[in-house]
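Comments concern the structure below.
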2 protein chains.
Amino acid sequence: MTKIALQLLECAPSSESGPLAREKAENIADLLKAVADPTRLQILALIARSENQEACACNLTEPIGVSQPTISHHLKKMSEVGLVSRERRGTWVWYSLNKERWGQISDLFA
Amino acid sequence: MTKIALQLLECAPSSESGPLAREKAENIADLLKAVADPTRLQILALIARSENQEACACNLTEPIGVSQPTISHHLKKMSEVGLVSRERRGTWVWYSLNKERWGQISDLFA
DNA sequence: CAAGCTTATAGACAAGTATCTATAAAGAAG
DNA sequence: CTTCTTTATAGATACTTGTCTATAAGCTTG
């Protein structure tokens, strides 16, 4: 009977009360929500398999098959929670995975 | 420059086309959506820190502070994606973490 | 600066969902 | 069988969100 180490333990309301645990749970949920969407998973996968694990926004629209504003919207959301980093290079914008943040998600379930 | 091993790679549309990758991405998204909610994270954490990593539904409502039907609803959703297992014991219903499913999430981000 | 590209924002709309109250269903026990 | 407790379902509501079209904003280059 292996024990699950999950970091989520800190989400449980402590003997003290609820608010703190709740706030932490909301922060984690916000992070997970940023990943819990098929289009975003495809975007992340495309970035991850790209050279240097970064991708130009211009290369995401066509293979995924949604409109350019939709891709832009998802990238913004993921960028807001720090999952991806944005870098402008002339006309184009390149996105890359933020490994620190990614590691935090990984730790949650480790 | 460490490489991210992420299993999500398979979500990326292959050279062939999109549908298969899309379907896989949707499956993963469904699983992640079942966790991407603060109340559910609190439920999971409470179960995980309980003895034998199982908890009676009756012990979840009060510490989390939402109504009994709400807890029941969340448990049903998480049970539908196989994240928790349900077992009736007389009047009470006990829920436990499904470690296999949990491991699958863990692998996604490993 | 004007034209042409890429990216972001605004607004609208449909679909999903977290929560509640009210009520039903399931079991145990007198 | 009736009563009591626990859990699940139904229905309603308010909020969120994924997507689109239309348009603006940023850059580059003649």
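Since we're looking at a predicted model, the values are computed, not measured. Chain letters run A, B, ... following the sequence lines, proteins first and then strands; every chain starts at 1.
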Starting at the 5' end of nucleotides 18-30 of chain D, put B wherever the base has a protein heavy atom under 4.0 Å, S where only the sugar-phosphate does, and a dash everywhere else.
SBBBB---BSS--

Taking only N and O in the side chain of A:Tyr95, is any of them less than 4.0 Å away from OP1 or OP2 of C:dT6?
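Negative; the distance criterion is not met.
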
Using only side-chain N and O atoms of B:Lys76, determine if any of them is under 4.0 Å from OP1 or OP2 of D:dT9.
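Yes, within the criterion.
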
Non-hydrogen side-chain atoms of A:Met78 and A:Leu44 separated by less than 4.5 Å:
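Yes, their side chains come closer than 4.5 Å.
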
Could you tell me whether the side chain of B:Arg86 reaches within less than 4.5 Å of the side chain of B:Leu75, counting heavy atoms only?
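Not touching, per the 4.5 Å side-chain cut-off.
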
The criterion is salt bridge (charged side-chain N to carboxylate O under 4.0 Å, His left out); which residues satisfy it with [X], sequence neighbours excluded?
X	value
B:Lys77	B:Glu80
A:Glu100	none
A:Glu62	none

Nearest heavy-atom neighbours spanning B:Arg88 and B:Gly90
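In this case the closest contact between B:Arg88 and B:Gly90 is NE-O, 3.1 Å.
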
Without decimals, in angstroms, what is the distance between [X] [atom1] and [N] [atom2]?
X	N	atom1	atom2	value
B:Leu75	D:dT6	CG	C1'	13 Å
A:Glu26	D:dC15	CD	C1'	14 Å
B:Glu87	D:dA8	CD	P	13 Å
A:Asp30	D:dT16	CG	P	11 Å
A:Leu32	C:dT17	CG	C1'	17 Å
A:Trp92	C:dG4	CH2	P	16 Å
B:Trp94	D:dA8	CH2	P	14 Å

With the threshold set at under 4.0 Å for non-hydrogen atoms, list the residues of residues 79-86 of chain B touching DNA chain D in residue-number order.
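The stretch gives B:Arg86 as the residues lying under 4.0 Å from the strand, ordered by number.
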
Can you tell me how far apart OH (B:Tyr95) and CD1 (B:Ile43) are? Round to the nearest 0.5 Å.
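Those atoms lie 9.5 Å apart.
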
Would you tabulate the side-chain donor-acceptor contacts of residues 30-39 of chain A under 3.5 Å, counting partners in other chains and residues two or more places apart, or write 'none'?
| unit_1 | atom_1 | unit_2 | atom_2 | d |
| --- | --- | --- | --- | --- |
| A:Asp37 | OD2 | A:Thr39 | N | 3.0 |
| A:Asp37 | OD2 | A:Arg40 | N | 3.1 |
| A:Thr39 | OG1 | B:Arg22 | NH1 | 2.9 |
| A:Thr39 | OG1 | B:Arg22 | NH2 | 3.4 |

Do B:Leu97 and B:Leu83 pass the side-chain contact (heavy atoms from CB on, under 4.5 Å) test, and can you show the C-alpha distance, the side-chain angles, and the key distance before you say yes or no?
CA-CA 6 Å; B:Leu97 292 183; B:Leu83 248 164; 5.5 Å; no

